[in-house]
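In what follows, a structure is listed as structure tokens, so that the remarks can point back to it.
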Amino acid sequence: MNKSKEITIYDIAKKLNIAPSTVSRGLQDSPEIGKKTKKMIVDMAEKMGYRANLTARSLRQQQTETIGVIVHELNSNFINSVLAGIEKVTTEAGYDILIAHSSESYLKEVANAKNLFHRRVDGVISSLSFETMDLDHFKPFAERNVPVVFFDRVEEAENSTAVVIDNVKCGYIATQHLIEQGCRKLVHVTAPLKRSLYAQRFEGFKKALAEHKLKFADNQLIIDDLSERAGVDAAMKILKMKPLPDGVFVTNDFVAAFCMRTLKEHGIAIPDTIAIVGFNNDPVCKLMEPAMTSIDDPGRDIGEIAARTIINHLKGINDMNRTNTITVRSELIVRGSSRRAKGS
């Protein structure tokens, strides 16, 4: 298969009988080139099918105008909303994004980081996998002064900033709400506590219990992954508890939805027998019957803030190294799954 010759600035210059340097500056919208000449150059480039060599240009400028994004999954309303926020800001700033996902694998995350490093991205935005044991794979970015912003699942790292919500406060608010509705035997369903955000939500759960002088027992904590099966299994464990819990705080709406559905299938009245609060405020909350109370985790805001933090740093507007953590506001959205008549 024959490939047609790639058009260069020299071809355009020859056609217009002007210097290649004039063509180059005209295509880069240089103020040194008059509007009439610039239009002539652009029109001829379009007519001849010229394509800019962005790779060569980025090597000369030492910038690719690309932000790498590493997420732990793509099948998530929260992650999708974060990506929408990132894309909005990067597009407006003239940056492209490269998205990689680890599928909750530490080894994949390491490979993703290495790939983005060799692609010379100007910055990285990342949410860590369940399996991530250390942050050594992000050190090459720090050594080259490539900024890294972590969001949601974060750990402290050199030359990085974290964008998070106050997970301790959110865990406390969710549990406090259940107590205010009259719940006295509460269960917390969560993911492995080695990830700080889940440990912090659990901390908030225990803090609310302690303030109301409610005892905590080990069987009030159910730890699993964030799958459909985990929601069903959590419900089956709850059904076997004696006495039956009257309030459940779940760290993820997807898991909470399957937990709630399974409880209802076994004759449990929601919220009269067991009140339920989820986390993330995913669209599934409004599809449940009754609609599910949840902590709003503002993914789009988090994505916009993470992207703006990196881009402003790259453009010299702000120094992100002066800010270790950016905390985004979150709130409890109360719906039917937890709202009891007069809290009784």
Side-chain angles (χ1 to χ4, degrees), residues 1-71 74 83-101 110-126 137-149 159 303-304 306-321:
M1 180 178 179
N2 292 326
K3 291 184 178 180
S4 58
K5 177 181 177 293
E6 194 74 32
I7 302 299
T8 69
I9 61 172
Y10 300 98
D11 297 320
I12 299 170
K14 184 177 180 180
K15 199 78 172 177
L16 295 174
N17 196 28
I18 59 178
S21 60
T22 303
V23 174
S24 177
R25 288 197 294 270
L27 291 172
Q28 294 181 51
D29 199 23
S30 170
E32 299 175 11
I33 306 300
K35 289 183 179 179
K36 186 177 179 181
T37 303
K38 195 180 297 181
K39 184 178 187 306
M40 179 178 68
I41 292 168
V42 171
D43 288 348
M44 182 57 71
E46 185 176 340
K47 181 179 178 181
M48 296 179 70
Y50 170 77
R51 295 190 302 175
N53 190 336
L54 298 178
T55 301
R57 184 185 299 173
S58 68
L59 288 173
R60 290 194 301 271
Q61 298 175 343
Q62 295 297 300
Q63 276 195 326
T64 62
E65 294 186 334
T66 302
I67 305 297
V69 183
I70 307 175
V71 295
L74 290 173
L83 291 175
I86 292 172
E87 194 272 341
K88 176 180 182 293
V89 173
T90 54
T91 298
E92 290 173 353
Y95 282 75
D96 293 323
I97 57 174
L98 284 176
I99 302 172
H101 69 106
V110 171
N112 288 337
K114 185 176 181 180
N115 182 40
L116 292 177
F117 180 75
H118 288 299
R119 285 179 177 267
R120 298 172 180 262
V121 295
D122 297 333
V124 176
I125 300 172
S126 180
H137 45 302
F138 291 99
K139 285 183 179 179
F141 296 107
E143 291 166 357
R144 293 294 183 94
N145 292 316
V146 176
V148 177
V149 170
N159 200 37
E304 289 187 17
R308 195 170 291 115
T309 298
I310 276 194
I311 289 171
N312 285 348
H313 177 83
L314 291 170
K315 292 186 174 182
I317 299 172
N318 290 317
D319 183 0
M320 59 175 268
N321 294 321

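All values derive from a computational prediction rather than experimental measurement. What you see below is based on every heavy atom in this structure, not just the backbone, and it leaves out hydrogens, waters and symmetry mates.
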Return the [atom1] to [atom2] distance between [X] and [Y], rounded to the nearest 0.5 Å.
X: Ile9; Y: Leu16; atom1: CD1; atom2: CG; value: 12.0 Å
X: Ile310; Y: Tyr95; atom1: CD1; atom2: OH; value: 10.0 Å
X: Ile311; Y: Asn318; atom1: CD1; atom2: CG; value: 12.5 Å

Side-chain donor-acceptor contacts of residues 39-48 below 3.5 Å, not counting sequence neighbours, with atom names and distances?
| from | atom 1 | to | atom 2 | distance (Å) |
| --- | --- | --- | --- | --- |
| Lys39 | NZ | Asp43 | OD2 | 2.7 |

When you compare the side chain of [Y] with that of [X], does any pair of heavy atoms fall below 4.5 Å?
X: Leu74; Y: Leu83; result: yes
X: Ile67; Y: Ile86; result: no
X: Ile97; Y: Ile125; result: no

Would a distance-only check, ignoring hydrogens and angles, find a side-chain to backbone donor-acceptor pair under 3.5 Å from [X] to [Y]?
X: His313; Y: Met320; answer: yes
X: Thr90; Y: Glu87; answer: yes
X: Asp122; Y: Glu65; answer: yes

- Taking all atoms of both residues into account, what is the closest heavy-atom pair of Ala306 and Val149, and its distance?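 So the minimum-distance heavy-atom pair works out to CB-CG1, 3.8 Å.
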- Determine the minimum heavy-atom distance between Val124 and Phe138, stating which atoms define it.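 That would be CG1-CE2, 4.3 Å.
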- Task: Could you note down all residue pairs passing salt bridge (charged side-chain N to carboxylate O under 4.0 Å, His left out) where residues 307-318 supplies at least one of them, sequence neighbours left out?
- Result: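 Checked against salt bridge (charged side-chain N to carboxylate O under 4.0 Å, His left out) - neighbours excluded - the pairs reaching residues 307-318 are Glu304-Arg308.
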- Query: According to the salt bridge (charged side-chain N to carboxylate O under 4.0 Å, His left out) rule, which pairs have a member within residues 7-23, sequence neighbours left out?
  - Reply: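 Every pair satisfying salt bridge (charged side-chain N to carboxylate O under 4.0 Å, His left out) with a residue in residues 7-23: Lys5-Asp11.
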- Considering residues at least two apart in sequence or located in another chain, which fulfil the ring-ring contact (aromatic ring centres under 6.0 Å, His included) criterion with His101?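 If we apply the ring-ring contact (aromatic ring centres under 6.0 Å, His included) test to His101, skipping adjacent residues, there are no hits.
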- Query: Partners of Phe117 by ring-ring contact (aromatic ring centres under 6.0 Å, His included), sequence neighbours excluded?
  - Reply: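 With sequence neighbours excluded, Phe117 shows a ring-ring contact (aromatic ring centres under 6.0 Å, His included) to Phe141, given in chain and number order.
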Could you pull out every donor-acceptor pair under 3.5 Å between side chains of residues 18-27 and any protein atom, sequence neighbours left out?
| from | atom 1 | to | atom 2 | distance (Å) |
| --- | --- | --- | --- | --- |
| Ser24 | OG | Gln28 | NE2 | 3.2 |
| Arg25 | NE | Glu32 | OE1 | 3.4 |

